[in-house]
Amino acid sequence: MTELDVQTLQRRLAAFAAARDWEQYHTPKNLAAALSVEASELVEIFQWLTPEQSARVMERPETAHRVADEVADVLAYLLQFCEVLGIDALSALSEKIDRNESRFPVPERQESTETGDRHSSE
């Protein structure tokens with residue numbers, strides 16, 4: 001199997017849609033709606049689970065398969081959406097992380113008097 005990358009997957013998705021004459025339906029509006037639907041189907045798997053149960057969802061093969069399928073559906077629609085609008089998904093993500101790092105800097109560690117005293121006596 002060849003190495004996977006975003007562009008290869010986008011080409012495969014485009015070829016899949018073209019072979020079925022589905023390109024006419026792949027408008028930004030339709031792809032955004034489909035993306036939302038698939039994300040909701042992913043949420044549905046976790047809807048009534050406790051936080052502990054949700055952390056173990058991949059331990060059960062039948063649930064793990066459903067989660068992986070929905071993740072694939074979400075990613076497929078996101079990649080198609082990006083392709084249609086000419087968005088480089090990895091660049092967009094990298095730039096967003098850069099902005100978030102500026103907006104939300106790592107807080108400086110503030111040691112309390114109690115913590116400082118404890119450390120100084122050790």
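Quick caveat: nothing in here was measured; it's all calculated off a predicted structure.
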Any idea which heavy atoms bring [X] and [Y] closest together, and the distance?
X	Y	result
Leu13	Ala76	CD1-O, 3.7 Å
Gln24	Asp21	NE2-O, 3.1 Å
Leu4	Leu9	CD2-CD2, 4.1 Å
Ile87	Ala92	CG2-CB, 4.1 Å
Asp5	Gln7	OD1-N, 3.1 Å

Measure the CZ-OG1 distance between Phe46 and Thr63 for me, rounded to the nearest 0.5 Å. 9.0 Å
Out of curiosity, Asp69 CG to Leu42 CG, how far, rounded to the nearest 0.5 Å? 11.0 Å
Using the rule that Ile, Leu, Val, Met, Phe, Trp and Tyr join whenever any side-chain heavy atoms are under 4.5 Å apart, tell me whether [X] and [Y] fall into a single cluster.
X	Y	answer
Val57	Val71	yes
Leu49	Val43	no
Phe81	Leu79	no

Can you list every side-chain hydrogen bond (donor to acceptor under 3.5 Å, both in side chains) pair that touches residues 70-87, not counting sequence neighbours? His26-Gln80
Just grab all the side-chain hydrogen bond (donor to acceptor under 3.5 Å, both in side chains) pairs involving residues 36-48, residues at least two apart or on different chains. none
Listed by chain and number, what are the side chain to side chain contact (heavy atoms under 4.5 Å, CB included) partners of Leu90, not counting sequence neighbours? Val6, Asp88
Is Arg12 close enough and on-axis enough to Phe16, meaning under 6.0 Å and within 45°, for cation-pi? no
List the atom pairs, with distances to 0.1 Å, where a side-chain N or O of residues 94-106 and a protein N or O form a donor-acceptor pair under 3.5 Å, not counting sequence neighbours.
residue, atom, partner, partner atom, Å
Ser102, OG, Asp98, O, 3.4

Hey, are the side chains of Thr27 and Val84 touching, using non-hydrogen atoms and a 4.5 Å cut-off? no
Quick one: ring pair (Phe, Tyr, Trp, His ring centres under 6.0 Å) partners of Tyr25, sequence neighbours excluded? none
Which pairs count as salt bridge (Lys or Arg N to Asp or Glu O under 4.0 Å) when at least one residue sits in residues 52-64, sequence neighbours excluded? Arg60-Glu62
